Amino acid sequence: MGIKVTFVQADGVEKTIENIAPGESMMEIGRFNGVEGILGDCGGSCACATCHVYVDAAWEARAGKPDDVETSTLDMAPDVLPNSRLCCQIRLRDELDGLRVTVAPSF
Amino acid sequence: MEQAQAASPSAGKCPFTGQGAASLEGASLKDVMAHPNAFYQTLRSEAPVYFDAKLNMWLVSRYDDIVTVLRDPQTYSDKHGYAAMYANGYFEEFKQILERDGGGFFADAIKDDPPGHTRVRRLLENAFTAHRVATLEPGITRIIVELIEKLVEKGASGQVVDGVKDFAIPLTIRVICEQLGLAEFNADKIQAWSGAVTAQISKMQDREQMLGNAAQICDLQNFIIGEMKARQDQPREDMISDIVHAKLDDGSVLEFGEAVSLIRALIIAGNDTTATAIGNLMFVLATRPEVAKALQDSVDDDRLLNRFVEELLRIEPPVRGLAKMTTREVELGGVKLPAHAHLLVLYASGNDDETQFACPRNFDINRANIGKHVAFGVGVHRCVGASLSRMEIKVAAREISRRIADIKLAIPAEQIAYLPTVATRQIERLPITIKRR
């Protein structure tokens, strides 16, 4: 049971993490499991843009759009696309079971 | 004597190079404190990891090496780098004074290495999220508008005002005191305490200064302990109460000394570097018309204004350099460093690295990599108050631009004095004339 998510690293390697309890952030999961490029320097405070990902098209609606604060921080990051998110702001819930994101190029 | 050449192929094309020939023979950061950019450029091109004999430290100047150091806190210890800096050779005497007169010597919990650091870091991260800071904007605006109106009133009557002492410093002190829950505070005292604490990592403190600073820090700690006691039995809705009664993620509580050190760090780090940034803002607006124009063009657009703040932090970072110490032999930037090598990581040089930032002395809010600067550091010790600092600078920039015109230096730029410290590049006094817009 639990939630399953997949990160596609910049080098193409896919990392799937299973059995995640609801409530954890996607950044914490990525950082804890050593996903390359998910640094989360600010600890999830939406202040550093070091957990930038692209949400797969199939999941965009459910993952949601960034709010104003996240949009401001995202603007500091390179290569921002319409499906960009800071994954510290994606809190995992059952609805996101299967979520798939690609890690954006780092600074 | 060999003259260093500008290494960047684009250097000749940049209107603002801030660079020039500088020789490294016997050179020390100590000798170029006010205007270090040419020295940084020479370091990056000639000796990116350079032993500064006068400081007895290795200077790390290239962006990539800086990031390497900051991303590896086990090899490059913040705790030991900081401790070796502290009190500049008078540590034992300093410690005894604090134990005798200041309630104790309390090592900085935020300057610990992981995993000890991770334990307390989380607490502060939760206090300063970008979302929480966004809710503080109206209150911060109120404080800033009030200070600017006073400044403008004085300036409009033809008086010289001080952009640092009359504006930047009182501003950041009021904001952090409000956050901490210090309704009654003496801004002059807090400024003196800030100077005394930051002097401990200045590398410029002699014994007599140490004695004066130690007395100030005792006073600061006694003040903090009094405020903590007042909240022990009757918690209030403020950050000091939160720290006194904090329960950490691992279920433990903060020890008394950890709590004192965190509140001390919040008071000092919460005002000093942001005040430096706002002082720098004033200086840049007074001396670079194209930056004043960039601000005018950005003032009504939050996105542009945020980018203006980032570029200001890149081009004039408050923090010049912070210390680390190697925990083992390691190669960095082509230099083999022994264990226990004391490093000064030059954030300001990283922000000026032409391999990362084209024409680094140009103020350009349209840089594609605008967030790449290291003004807040990188990695586990990245500034935890970054969002609050950005907000204060942003609101200050916006309200200055809307309310003040014709900011001019009242003394020649060469006479602007900087505090004697390797840790920050901080304008001491900034006499300016201003007009009401």
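The figures that follow rest on heavy atoms only: side chains count, while hydrogens, waters and symmetry mates do not. Note that this is a predicted model, so its numbers are computed, not measured.
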* residues 380-398 of chain B: residues contacting chain A (heavy atom under 4.5 Å, by number) -> B:Arg382, B:Ser387, B:Arg390
* Just give me the residue among A:Ser106, A:Ser72, A:Pro78, A:Cys42 that pairs up with chain B most often, heavy atom to heavy atom, under 4.5 Å. => A:Cys42
* Asked: What pairs meet the ring pair (Phe, Tyr, Trp, His ring centres under 6.0 Å) rule with one or both residues in residues 30-67 of chain A, with sequence neighbours excluded?
  -> A:His52-A:Tyr54
* **Interface residues of residues 125-135 of chain B facing chain A - non-hydrogen atoms under 4.5 Å apart** => B:Glu125, B:Phe128, B:Thr129, B:Ala130, B:His131, B:Ala134
* Counting only heavy atoms closer than 4.5 Å, note whether A:Asp79 contacts chain B via side chain, backbone, both or neither. => neither
* Structure fact -> Residues pairing under ring pair (Phe, Tyr, Trp, His ring centres under 6.0 Å) where one sits in residues 1-27 of chain A, two or more places apart or in two chains, turn out to be none
* Ignoring hydrogens and angles, tell me if any N or O in the side chain of B:Arg303 forms a donor-acceptor pair with the backbone of A:Thr71 under 3.5 Å. => no
* **Portion of A:Ala49 that has a non-hydrogen atom of chain B nearer than 4.5 angstrom** => neither
* Is the NZ atom of A:Lys4 crowded by more than 12 outside heavy atoms at less than 6.0 Å? -> no
* Compare every heavy atom of B:Ile370 with every heavy atom of A:Asp75, then report the nearest pair and how far apart it is. => O-CG2, 4.2 Å
* Do other residues, nucleotides or ligands put more than 12 heavy atoms under 6.0 Å from B:Lys111 NZ? -> yes
* To do: Below 4.5 Å from any heavy atom of chain A, which atoms of B:Arg71 appear? Answer side chain, backbone, both or neither.
  => side chain
* To do: Decide if atom CG of B:Asp250 counts as having more than 12 heavy atoms of other residues, nucleotides or ligands within a radius under 6.0 Å.
  => yes
